[in-house]
Amino acid sequence: MAITRKTVEDLETLKAVSHPLRMALLGLLRIEGPATASQLARELGESSGSTSYHLRQLERFGFVGDATDQPSGRERRWQALHDATVLPSALADLDGGREYLDVVRRRQEQHLCDGLEAWTEPRPGIGHSDYDLRLDPDELQQMLDDVHAVIEGYAHRGGAVHVALHVLTLPQTA
């Protein structure tokens, strides 16, 4: 099964998804699966009223919706509608776009740092690599397309080990 993506195409949607609590809610739904606003509130240390409001905002912009399985008519279960969110670089050209993209980037960096801090001992299949490459823009795009295709081949397999794989390309300044 292929990875599903939601591409953000306008400033209002970017604003909606860049809210830190909304990013956390969406991340939890993607990682843990369907949940109620109350379950998510307990996980994040928030009030269920707050999580309900922010879930409705995410729903309004097409990020979350009703879970297929609704075991109780009393509490609504939510699910993420996509596996990933794509934020095209062109969003930075919109009035205020750079500011909201920076919020998302900082939250993603913090999430990465938190994961690195929690990684205290070697585990099978978990490692770290870095490469210094010299590529022109077309080669870089082709390499990223190839890497993403390989990753998608492993998506939704449901293996026993849950891992976060970060693909980060940074221009070298020195």
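Atom set for the values below is all heavy atoms of this structure, side chains included, hydrogens, waters and symmetry mates excluded. Quick caveat, the model's predicted, so the values are computed rather than measured.
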### Message
On a heavy-atom basis, which atom in Ser18 and which in Val103 lie closest, and how many Å separate them?
### Response
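Closest approach of Ser18 to Val103: O-CG1, 3.1 Å.
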### Query
So which heavy atom on Pro34 is nearest to which on Arg77, and how close?
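Nearest heavy atoms, Pro34 then Arg77: CB-NH2, 3.2 Å.
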### Message
Within the 4.5 Å heavy-atom criterion, are Leu25 and Leu58 side-chain neighbours or not?
### Response
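They are in contact (side-chain heavy atoms under 4.5 Å apart), so the answer is yes.
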According to the ring pair (Phe, Tyr, Trp, His ring centres under 6.0 Å) rule, which pairs have a member within [range], sequence neighbours left out?
range           : answer
residues 86-111 : none
residues 67-91  : none
residues 41-69  : His19-His54

Treating Ile, Leu, Val, Met, Phe, Trp and Tyr as nodes and any side-chain heavy-atom pair under 4.5 angstrom as an edge, say whether [X] and [Y] lie in one connected cluster.
X      : Y      : answer
Leu21  : Val8   : yes
Val167 : Leu140 : yes
Leu94  : Val104 : yes

### Query
Cluster partners of Tyr154, using ILVMFWY side-chain heavy atoms under 4.5 angstrom, listed by chain and number?
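Members other than Tyr154 - counting any ILVMFWY side chain reachable under 4.5 Å - are Val150.
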### Message
If the condition is side-chain hydrogen bond (donor to acceptor under 3.5 Å, both in side chains), which residues does Arg134 pass it with, not counting sequence neighbours?
### Response
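Residues passing side-chain hydrogen bond (donor to acceptor under 3.5 Å, both in side chains) with Arg134: none at all.
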### Message
Going by the rule side-chain hydrogen bond (donor to acceptor under 3.5 Å, both in side chains), which residues pair with Gln57 if we only count those two or more places apart in sequence or in a different chain?
### Response
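For Gln57, the residues satisfying side-chain hydrogen bond (donor to acceptor under 3.5 Å, both in side chains) (neighbours in sequence not counted) are Arg60.
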### Message
Test your reading of the model: is there a side-chain donor-acceptor pair from Thr51 to the backbone of Ala37, 3.5 Å cut-off?
### Response
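Checked: pair present.
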### Query
Do the side chain of Glu99 and the main chain of Gly96 share a donor and acceptor less than 3.5 angstrom apart?
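Pair absent, no side-chain N/O of Glu99 close to backbone of Gly96.
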